[in-house]
Novice: 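Once you've had a glance at the structure underneath, I'll fire off some questions.
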Amino acid sequence: MRYRNLSRPNPTSSLRPVTGPRTLPLRSTLQLLDDPASVAQSLRRDVGDIAFTTALGRPIVVAQGPEAAAELLADADRAFANHPVYSFALGSLFERGLLLMDAKEHHHARRIMHAAFTRDRLAGYCRRLHPLVEDWVDHLPAGEVDMRAQLKALALRIALDVFVGEQLTSSETERMSREFDDLIRAGGAMVRLRIPGTVWGRAHRAKLSVDSFFESLVPQRRRSPGPDLMSALCQAEGPDGTRLTDSEVVDQMRFMLFAAHDTATIAMSAMTYQLGRDRLWRDRIRDEARTASAYPSLSELTAQPTMEAVFKEAIRLRPPVPIIPRAATKDTSLAGYHIPAGTFVVALIGSNHRLPDVWPAPDTFDPTRFIDCDAQRHRLAWMPFGGGVHKCIGMHFAYMESSTVIHHLARSVDWTVDSDDYERSDRALTANVGFTARITPLSRCAPAVPQPGETSPSAR
Ligand code: HEM
């Protein structure tokens with residue numbers, strides 16, 4: 001293999017040039033999409049933690065290891081931005097979403113939106129989650145089930161109820177489901193022309209429809225707010241008393257559903273998959289779920305060590321967001337390397353989560369890593385929610401949602417997963433593979449009825 005330098009730093013500078021293999025741009029793009037983990041491994045082995053490859057017609061600096069990720073996300077030089085790189089990836093579909101904002105604009109919007117994720121708000125969302133999830137588990141068919149499809153449908157129901165506060169008819173739900181799918185899939189579209197029938201064309205049509213749905217709800221959510229996330233955004237105020245405008249609420253809601261839907265589906269799938277293959281951990285989770293109350297509050301869910309460890313380990317192995325990208329807006333440096341203005345830099349969560357020097361037996365599902373020795377690792381060795389100013393605003397919601405699903409599942413059914421196709425598919429960015437679980441209803445050994453002094457959330 002022959003190598004070349006990305007750029008030549010100023011001769012007086014002590015910075016090193018970033019090096020990468022000489023490959024045909026199309027070949028390296030396909031390799032990256034097909035098997036990013038192998039690309040990352042060979043770059044690290046042959047070049048080091050900072051290297052570059054070429055993808056989508058441009059050089060991309062790949063930063064591996066928790067130290068490089070921490071430096072990139074801390075952005076002490078204020079040189080790395082989100083908008084250029086995310087608008088490159090997502091076009092105009094999520095233009096005004098929080099993640100696509102930078103600097104003051106981002107700071108301002110985030111401070112307002114924070115009000116929708118306070119502990120009190122989360123506790124309210126948690127109360128709405130229980131009856132939805134319990135009903136979903138009650139209707140799970142026995143026998144072989146396409147579990148990812150089931151969880152995806154559940155994530156959408158949760159989004160419509162807990163985020164939007166609407167209970168739609170089944171045909172409206174189906175339509176919204178199709179439209180969200182069209183929007184979410186657009187991120188992977190290679191052809192980006194608004195031609196009807198193409199992925200990109202369908203996504204833009206879906207955006208118009210989803211936006212008009214949200215627009216029609218804003219006045220009512222401002223007048224008489226409910227416990228849903230959209231009402232929280234409509235009411236949220238920053239420290240200076242500023243609120244989001246109507247169109248900002250619509251933009252943030254559209255982005256929020258995008259940010260929450262697939263990620264939550266992947267997290268819940270990863271937990272269900274791993275537990276379905278591991279009787280020991282399934283039993284431990286069931287024991288914990290049975291000793292907890294029927295409808296655990298947010299504080300109870302966060303105090304369940306087995307649940308937390310299983311969640312962390314499942315998304316270590318299958319991080320719902322495997323790559324964090326940034327764009328250098330000026331000449332800058334990363335880990336002692338020169339990064340020229342305009343370069344895209346990516347931190348690879350997926351590869352950092354399997355570094356053998358940080359994670360012994362990295363491919364093995366072993367939640368004890370997060371029970372015994374969590375504190376000894378670099379703070380970004382585990383980084384599914386990113387870090388720095390853009391760190392996931394919905395991370396506590398994500399844990400609450402996933403753990404509520406596993407809680408109700410473990411109390412009511414047993415499930416096993418035989419095939420490892422799902423596990424193998426996690427190496428490709430383009431893979432969209434589900435998995436089948438075999439569901440066996442349990443006799444209601446620990447009935448999901450309120451304990452003394454506890455009321456069913458559905459009765460509230
Ligand atoms: C397991 C599930 C989830 C994972 C792994 C995840 C991961 C991430 C990551 C890695 C980022 C940062 C990306 C970057 O810095 O470039 C992010 C940002 C974000 N996430 Fe999540 N997310 C999840 C669930 C959610 C949920 C449930 C919501 C909403 C309720 C949400 C809303 C957001 C928003 C609004 C941002 C942008 C934050 C900002 O720019 O300040 N996410 N998420």
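Whatever order the structure lists ligands and atoms in, that order sets their numbers, starting from 1. By convention here, the first residue in the shown sequence is residue 1. These numbers come from a predicted model, not from an experiment.
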Novice: Among protein heavy atoms, which lies nearest atom 36 (C) of ligand 1, and at what distance?
Specialist: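 Closest protein heavy atom to atom 36 (C) of ligand 1: Phe255 CE2, 4.0 Å.
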Novice: State, without any angle test, whether Glu134 and Tyr295 hold a side-chain donor-acceptor pair at a distance under 3.5 Å.
Specialist: yes
Novice: Give a yes or no on whether the backbone of Tyr422 and the side-chain of Arg318 come within a donor-acceptor separation of less than 3.5 Å.
Specialist: yes
Novice: Considering the options Leu275, Leu409, Asp278, which one meets the side-chain contact (heavy atoms from CB on, under 4.5 Å) requirement together with Ile285?
Specialist: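 Filter result, single survivor: Leu275.
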Novice: Hey, is the main chain of Ala79 close enough, under 3.5 Å, to the side chain of Thr332 for a donor-acceptor pair?
Specialist: no
Novice: Checking a contact table here: which protein heavy atom is nearest atom 42 (N) of ligand 1, and how many Å away?
Specialist: Cys392 SG, 3.0 Å
Novice: List every atom of ligand 1 that sits less than 4.0 Å from any heavy atom of Phe117, numbering the atoms from 1 in the order shown and giving each element.
Specialist: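 Those qualifying, in numeric order: 30 (C).
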Novice: Does Val389 reach ligand 1, in the sense of a heavy atom lying below 4.0 Å from it?
Specialist: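 Yes, Val389 has a heavy atom closer than 4.0 Å to ligand 1.
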Novice: Judged by modelled atom types alone, do His408 and His130 share a side-chain donor-acceptor pair under 3.5 Å?
Specialist: yes
Novice: Would you say Lys330 has more than 12 foreign heavy atoms packed within less than 6.0 Å of its NZ?
Specialist: yes
Novice: Between the candidates Gly394, Pro384, Ala109, which shows the shortest non-hydrogen contact distance to atom 10 (C) of ligand 1?
Specialist: Pro384
Novice: Checking the N or O distance criterion of under 3.5 Å, is ligand 1 in contact with Asn82?
Specialist: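 It does not: no N or O of Asn82 is found under 3.5 Å from an N or O of ligand 1.
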Novice: With heavy atoms of Arg326 as the reference, note each atom of ligand 1 found under 4.0 Å away.
Specialist: 14 (C), 15 (O), 16 (O)
Novice: Hey, mind stepping through Asp228 and Ser231 against side chain to side chain donor-acceptor pair (under 3.5 Å) and telling me if it holds?
Specialist: CA-CA 5 Å; Asp228 55 280; Ser231 293; 2.9 Å; yes
Novice: Does the residue Phe163 have a heavy-atom contact with ligand 1, meaning some pair of atoms that are separated by less than 4.0 Å?
Specialist: yes
Novice: Closer than 4.0 Å to some heavy atom of Gly386 - which atoms of ligand 1 meet that?
Specialist: 10 (C)
Novice: Counting both backbone and side chain atoms, is some N or O of Lys391 under 3.5 Å from an N or O of ligand 1?
Specialist: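 No.
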Novice: Examine the side chains of Arg277 and Tyr273 and answer whether a donor and an acceptor come within less than 3.5 Å of each other.
Specialist: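 There is such a pair between these side chains.
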Novice: For Arg58, does the CZ atom have more than 12 heavy-atom neighbours from other residues, nucleotides or ligands under 6.0 Å away?
Specialist: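 Enclosed: over 12 neighbouring heavy atoms sit under 6.0 Å from CZ of Arg58.
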Novice: So between Met395, His396, His390, whose heavy atom ends up nearest atom 12 (C) of ligand 1?
Specialist: His390
Novice: Under a 4.0 angstrom heavy-atom cut-off, which atoms of ligand 1 come close to Met256?
Specialist: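 Contacts of ligand 1 toward Met256, numbered from 1: 29 (C), 35 (C).
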Novice: Could you check Phe163, Phe385, Phe117 and say which one makes a ring-ring contact (aromatic ring centres under 6.0 Å, His included) with Phe397?
Specialist: Phe163
Novice: List the closest protein heavy-atom neighbour of atom 37 (C) of ligand 1: residue, atom name, distance to the nearest 0.1 Å.
Specialist: Leu99 CB, 3.8 Å
Novice: Below 4.0 Å from any atom of ligand 1, is there a heavy atom belonging to Ile324?
Specialist: yes
Novice: Which ligand 1 atoms does Ala398 reach within 4.0 Å, using its non-hydrogen atoms?
Specialist: 1 (C), 2 (C), 24 (C)
Novice: Give me the residue, atom name and distance of the protein heavy atom closest to atom 16 (O) of ligand 1.
Specialist: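 Among all protein heavy atoms, the one nearest atom 16 (O) of ligand 1 is Tyr86 OH, 2.5 Å.
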Novice: Atoms of ligand 1 less than 4.0 Å from Ala260 heavy atoms?
Specialist: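 Numbered from 1, ligand 1 contributes 26 (C), 27 (C), 28 (C), 29 (C).
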Novice: Return a yes/no value for Thr263: is any of its N or O atoms, backbone included, closer than 3.5 angstrom to an N or O of ligand 1?
Specialist: no
Novice: Taking 4.0 angstrom as the limit and counting only heavy atoms of Ile393, give me the atoms of ligand 1 inside it, by number and element.
Specialist: 34 (C), 35 (C)
Novice: Check whether the side chains of Thr364 and Asp366 place a donor and an acceptor atom closer than 3.5 Å, and report yes or no.
Specialist: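 Note: Thr364 and Asp366 side chains miss the donor-acceptor criterion.
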Novice: Go through Gln41 and Ser351 one step at a time and tell me if the side chain to side chain donor-acceptor pair (under 3.5 Å) criterion holds.
Specialist: CA-CA 8 Å; Gln41 269 167 13; Ser351 107; over 6 Å; no
Novice: Suppose I only count heavy atoms of Ala267 and a 4.0 Å limit; which atoms of ligand 1 are within that range?
Specialist: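 This gives 1 (C) as the contact atoms.
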Novice: I need the nearest protein heavy-atom contact for atom 4 (C) of ligand 1: residue, atom name and distance, please.
Specialist: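 The answer is Phe385 CE2, 3.4 Å.
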Novice: Tell me whether His106 reaches ligand 1 (any heavy atom closer than 4.0 angstrom to a ligand atom).
Specialist: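 It does; at least one heavy atom falls under 4.0 Å.
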Novice: Going by atom types only, do Ser87 and Glu95 share a side-chain donor-acceptor pair under 3.5 Å?
Specialist: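 Note: Ser87 and Glu95 side chains miss the donor-acceptor criterion.
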Novice: Measure the distance from atom 33 (C) of ligand 1 to every protein heavy atom, then report the residue, atom name and distance (to 0.1 Å) of the closest one.
Specialist: Ala259 CB, 3.7 Å
